[in-house]
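Have a look at the structure below, then the notes.
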Amino acid sequence: MLKHVAIICACAYLLPYFLRWYYSITIDQPDEEYDFIIVGSGTTGNVIVNRLTESPNTKVLLLEAGDNDAPNIYISVPMLAPYVQGTDADWMYRTEPQKHGCKLLENNVSFWPRGKVLGGTSSINTLWYVRGSIHDFDSWEKSGATGWSYKDVLPYFKKSEQAMDKNMTEDFHGTDGYLKTSYPYSSELGNLFVEAGKELAYDHTDYNGERMLGFHLAQQTLYKGKRQSSATSFLHSVIKERRERLNIVGRAHVRQIVFEEGEDGRKRASGVIYVRDDVEVKVRARKEVIVSGGAVGSPQLLMLSGIGPKQHLNDMGIPLVADLPGVGQNLQDHVQVPATFRNDRLAAEDSTFLSSALEYIIGSSGPLGHTGADAQALVRSTMAESDESPDIQLILHTTGWTKKNIGLIQNNFNFKQEFVDNMKKSAAEHNMDTFSNFLITAGMLKPASVGYIKLRSSNYLDHPVIQPNYLSNQKDVDVIVEVLEGASYGLRQTERFGCLNKGIAAYTSVYLKNGRTVNVLNLFPGFRLIEKLEKTKSFKEIGAKMELSALNCGDEPQSPRWFCYRVYKVDDLRVADASVMPNIPSANTQAACYMIGEKAADMIKEDWGI
């Protein structure tokens, strides 16, 4: 008997190691030289790796600071994504304390979860697939990014995509790509949200089609209850047939790009130095080094390697390779403002974790098979740049806040204890375990406030300084504090309120310097629309009431833009990820990052005749 118990215990102990070995697509020791070295196995980098290795004669090394993405149920099961934050698969970036925003968060600091794992942030995000408007990409070209208009980039959006739903407009969606997209889940509350939008005269369309504006069910990189990350889509699907020319090394933190001087005296990127298990490894690139480290990682690596503002690098004691003042500048981020709702007639899904797990295992369905972000509205304020381009996004989150999950929510959002205590007190007064049945977050899609990223030190292990400067530009305040006629003078006198709220029974007004007071529901056009939703027949049927709640700042960090993938003043070095966007699109940025990878791969192939 004891022998059998010992065998079972040994098998249970060894099983995770076996699964890790079985599913691993990484190697321990790379060759000394490759055609291309790609830094970062994120949303964009994996697309480039896939497309370059379509050629049987091209050898590519992919370096990822994080580890394998499988087997990890917290990554593959959509509803468990919040549990990845704060783990080894998260870079755990933190902003600097904010002067004008994030007042509800500890030390006014916003958490920026970014994926440190194969797949990058596509392995830990909420899977939204929103491309942006025609105006967004046409404005890129007008700003100097030639060849990046909407008509130029649409074929690349379609190239990466394998649309799995017939309701997606054929002219705007691809069917042969590696990335599966779908309308994964249609909840009762999600359908009600869309119906409420129709009552307010908004369209229900394919927002990745010809027109974005309206109320919509979510399109996501999710199919049959499983996450479709860039790793599962672009790496796992091809690795068996391409192992000889595609090498992936995990836990490989690149600390420096190596440069050598060419015959013409110009510096060229000749390779990288990475650190794995405390051992430094140098690898050479015959053709190019491609940096796809993300909005934070790419500018950090460039500056650590001597490319960036001359004075800043001098202050850090880093030898200058190329003086590029734009590196680390023009940081932009979408500001998010959540509002909580109670309802008394639409019952939440009442299931235990065990029953949900069985439902998921048997049919890849049920609560665990979706993210809880079921629908969205894309709308315009009066200050929107284009008649067809939204500057406000409302996202419906059907997962409530309860006594069971409030600890996780507090840790993920960095909420102050005072706020959590107020929610608990309010729930106790209502004799409830639920603080909020569902949430609607109102996001500002086209922020004017810009920040920067700079080095904290010359140590590659130190996270850089992340300063988004939320609400530092008066235009953003004007959008948020869009009040009645004649308010423009008062707005200029407004104290920027950022994230004022203290709890469910929150401040309901903002005080202006001239002594006037305005209701916060009238301040942000997104909230005025949410208030209108309360009055629709659809919301009244379930007794939905908004209770103004936490105001959080930011979940889509973007970073420095230099309008070109090829880095100026040096040769054979390219940047391809969200950090090359001239301006942040009016959308969650995942879809645009896939598109950037597809277009960058074609540019690289053309340059090298591949």
Side-chain angles (χ1 to χ4, degrees), residues 93-112 295 329-339 379-385 390-395 413-416 419 441-453 465-483 487-502 506-514 516-530 548-560 583-586 589:
Y93 289 128
R94 308 290 186 254
T95 70
E96 296 300 292
Q98 295 301 288
K99 179 179 181 181
H100 303 303
C102 304
K103 305 296 185 181
L104 193 66
L105 309 182
E106 288 290 346
N107 300 315
N108 298 359
V109 168
S110 180
F111 286 3
W112 279 19
Q329 302 304 304
N330 197 31
L331 179 67
Q332 300 172 21
D333 190 14
H334 293 144
V335 175
Q336 299 290 326
V337 186
V379 297
R380 297 174 59 254
S381 74
T382 60
M383 284 174 267
E385 297 176 359
D391 62 344
I392 295 169
Q393 179 187 39
L394 307 182
I395 297 181
F413 286 92
N414 194 32
F415 287 141
K416 290 180 177 177
F419 166 66
T441 57
M444 186 164 56
L445 292 176
K446 304 299 291 184
S449 298
V450 297
Y452 58 82
I453 287 176
V465 173
I466 302 172
Q467 177 52 272
N469 283 328
Y470 291 124
L471 303 179
S472 60
N473 189 294
Q474 183 65 40
K475 182 179 178 181
D476 291 342
V477 181
D478 290 348
V479 172
I480 292 178
V481 194
E482 187 182 66
V483 289
S488 59
Y489 170 79
L491 298 186
R492 294 188 181 93
Q493 311 303 316
T494 303
E495 291 283 5
R496 294 175 175 88
F497 59 89
C499 302
L500 267 180
N501 290 44
K502 293 176 64 177
Y507 290 114
T508 58
S509 59
V510 172
Y511 297 89
L512 308 184
K513 283 185 176 179
N514 60 9
R516 291 194 305 118
T517 305
V518 291
N519 190 296
V520 76
L521 296 180
N522 292 327
L523 298 179
F524 189 10
F527 272 94
R528 294 216 307 272
L529 179 55
I530 294 174
L548 205 58
S549 184
L551 301 186
N552 181 39
C553 293
D555 70 347
E556 287 287 340
Q558 302 308 314
S559 198
N583 290 291
I584 194 170
S586 51
T589 55

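Positions are given from 1 along the sequence.
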_Between M444 and D333, is the side-chain contact (heavy atoms from CB on, under 4.5 Å) condition met? List the steps._
CA-CA 9 Å; M444 186 164 56; D333 190 14; over 6 Å; no

*What are the two closest non-hydrogen atoms of L445 and I584, and how far apart are they?*
O-CG2, 4.0 Å

*Please check if the side chain of H334 supplies one atom and the backbone of S586 the other of a donor-acceptor pair under 3.5 Å.*
no

*Separation of E96 CD from N469 CG (nearest 0.5 Å)*: 10.0 Å

*Between the main-chain N or O of T95 and the side-chain N or O of S110, is there a donor-acceptor pair closer than 3.5 Å?*
no

_To check you understand the geometry: which heavy-atom pair defines the closest contact between L105 and F413, and what is its length?_
CD2-O, 3.2 Å

*asked:* Could you check whether any side-chain N or O of D476 sits under 3.5 Å from a backbone N or O of P447, counting only pairs where one atom can act as donor and the other as acceptor?
replied: no

*Counting only N and O atoms by type, is there a donor-acceptor contact under 3.5 Å from the side chain of K446 to the main-chain atoms of N583?*
no

*Between Q474 (side chain) and S472 (backbone), is there a donor-acceptor pair under 3.5 Å?*
no

_Does any part of the side chain of Q467, heavy atoms only, come nearer than 4.5 Å to the side chain of I453, both counted from C-beta?_
no

_Closest contact, heavy atoms only, F415 versus E106_ = O-CG, 3.9 Å

_For N107 versus P97, what's the shortest heavy-atom pair and its separation?_
O-CB, 3.4 Å

_Considering all heavy atoms, the nearest V450-Q332 contact_ = CG1-CG, 3.9 Å

*Which heavy atom in Y470 sits nearest to a heavy atom in S449, and how many Å separate them?*
C-OG, 4.4 Å

